[in-house]
Amino acid sequence: MDDSQIKDQDLAKLSEEEEAFRSSIVTMDRKGKRKWVFPKKPSGRFTVYRTWVAYILLAFLVVAPFVKLPNGNPIFLFNIPKGEFIIFGFPFFTSDFFLLAIGMITTIVFIVLFTVVYGRIFCGWICPQTIFMEHVFRRIEYWIEGDRPKQMKLAKQDWDEEKIRKRLLKWTVFTLISFFIANIFLAYIIGSDALFDLVKEGPANNMSTFIGLIIFTGLFYFIFAWFREQVCTLVCPYGRLQGVLIDKKTIIVAYDFKRGESTAGRAKFRKGEDRKALGKGDCIDCKQCVVVCPTGIDIRNGTQLECVNCTACIDACDEVMEKINLPKGLIRYASEENIETGKKFKFTGRMLAYTLVLIGMILSINAFLFSRNDVEVKFLHVPGRNYKIEGQNISNVYQYTLYNKTNGDLDIRFEIQSHENGSIRILDGPNDIKLTKGNVQQGVVEVRIPMNDISSYKEPVVMIAVDEDGNLLDEYLTSFSAPY
Ligand code: SF4
Ligand code: SF4
């Protein structure tokens, strides 16, 4: 084999190694075995901002199920077994399912829009997985085991007194926090009052709930103590959608390869050297952006599925640039197009279309929310029952459904608003309708109207539900069948 063949082989091998990140996950070896990531503790401007955002969101997450709004409702409640949901203090029942569906679609469109424009900003700044991992569990790990070099040393070290002590302490604190998070999540499901009752009554009296708590504690422990970044790279469907949602105009955490590589490529820093004159890029290949990355990737390889846009590499590189007296921002928030062309961010037609859809959805969900009553009544004809003529009167039979979405119990009676000589008689169901808070009640009524007051074979009739003081709670327009 001659020299040129050897050189070609070396180049091919080098390019294969450089491109390896495209066909593999950094946190796994070729056999699929986990490669543990030991990210260096981040510091810098974005880390400070992100920490503040994380603490505010964490405080909200912990406090929200325990705070009661003036209407007596918590801010959030997702009682799936009972089909009872409270969102920003507004109660939703199964009858409001369409509102929840619109709300969920709006949220999805919102996330899609944000991803198209701002990439994975949600992952890096707002996602609970990132917040708990980077701002709670990772911080505890740094506190107990130290920064990256110390953690790597501890991992390699034998199970001596130091390792046993540190690991036991870490696992205990992780377990306690996981148990705490499981309790907070339970409060979101059953409500804070029910949670306090469970605590008072003790686990022995609520064994099934307690077992559920332990299962969720184990799940959170598994995710944050062991599974970690794999949630983002292997499990999260949102991460998988990135390839479809992100384009060259999307703002992402990006490495300025033009500046970083220049004409002669990246190269180690040498004091007093004129890098520009030598064609060397501003990247000094210090790998600080790599060691700080919680998903273990090298941002200099371009946009990758694993990048959660956490900004840790921006801070790490800025610190390096500051030390070597070069402008910050070699890694920064920018679109691929910004970096390739130097053009500024532009609002595209696709972004405008998404924004309009989003605004339309937010307006309609608000219109539905503010136009709905706390008490809802419906009167539907009982199938197979036609009108009946009784002397000078005609009667129709309806099934009524009453929803009480307030926080109090109500005494309710029905009246006919459109025909003052009409009357309503309860056929099936209690005569005195007492509707407890958050409940639904059904029954059957007979509506009787004098023949002379009817002018159509499908007479429009308005029936109302009023409280014990006669205050109107809700009205329902239905049709009344008659022989005309
Ligand atoms: S931190 Fe900056 S200078 Fe260092 S390797 Fe990363 S991009 Fe290059
Ligand atoms: S590449 Fe940078 S922004 Fe992306 S996950 Fe790693 S450190 Fe965070």
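The basis for the numbers below is simple: all heavy atoms, side chains too, and nothing from hydrogens, waters or symmetry mates. Start at 1 and go down the list; that is how both ligands and their atoms are numbered.
In the vicinity of Ile284, heavy-atom distances shorter than 4.0 Å reach the ligand 1 atoms 3 (S), 8 (Fe). Residue contact check: Met321 has heavy atoms under 4.0 Å from atoms 3 (S) of ligand 1. When each atom of ligand 1 is checked for a heavy atom of Lys287 under 4.0 Å away, the hits are 4 (Fe), 5 (S).
With no hydrogens or angles considered, no side-chain donor-acceptor pair links Gln288 and Glu319 at under 3.5 Å. Side-chain contact annotation: Thr47 with Asp315, donor-acceptor N/O pair under 3.5 Å present. For the 3.5 Å distance criterion, the side chains of Thr295 and Glu229 fail to qualify, holding no donor opposite an acceptor.
The main-chain N or O of Glu201 is never found under 3.5 Å from a side-chain atom of Asn206 such that the two would form a donor-acceptor pair.
Looking at Asp193, Ile75, Ile184 one by one, the single match for side chain to side chain contact (heavy atoms under 4.5 Å, CB included) with Phe66 turns out to be Ile184.
Tyr49 is linked by a ring pair (Phe, Tyr, Trp, His ring centres under 6.0 Å) to nothing, counting only residues two or more places apart in sequence or in another chain.
Note on ring orientation: taking the six-membered ring where Trp is involved, the planes of Phe210 and Phe179 are perpendicular (angle over 60°, cut-offs 30° and 60°).
Around ligand 2 you find Val253, Cys293, Pro294, Thr295, Ile297, Ile299, Cys307, Val308, Asn309, Cys310, Thr311, Ala312, Cys313, each with a heavy-atom distance below 4.0 Å.
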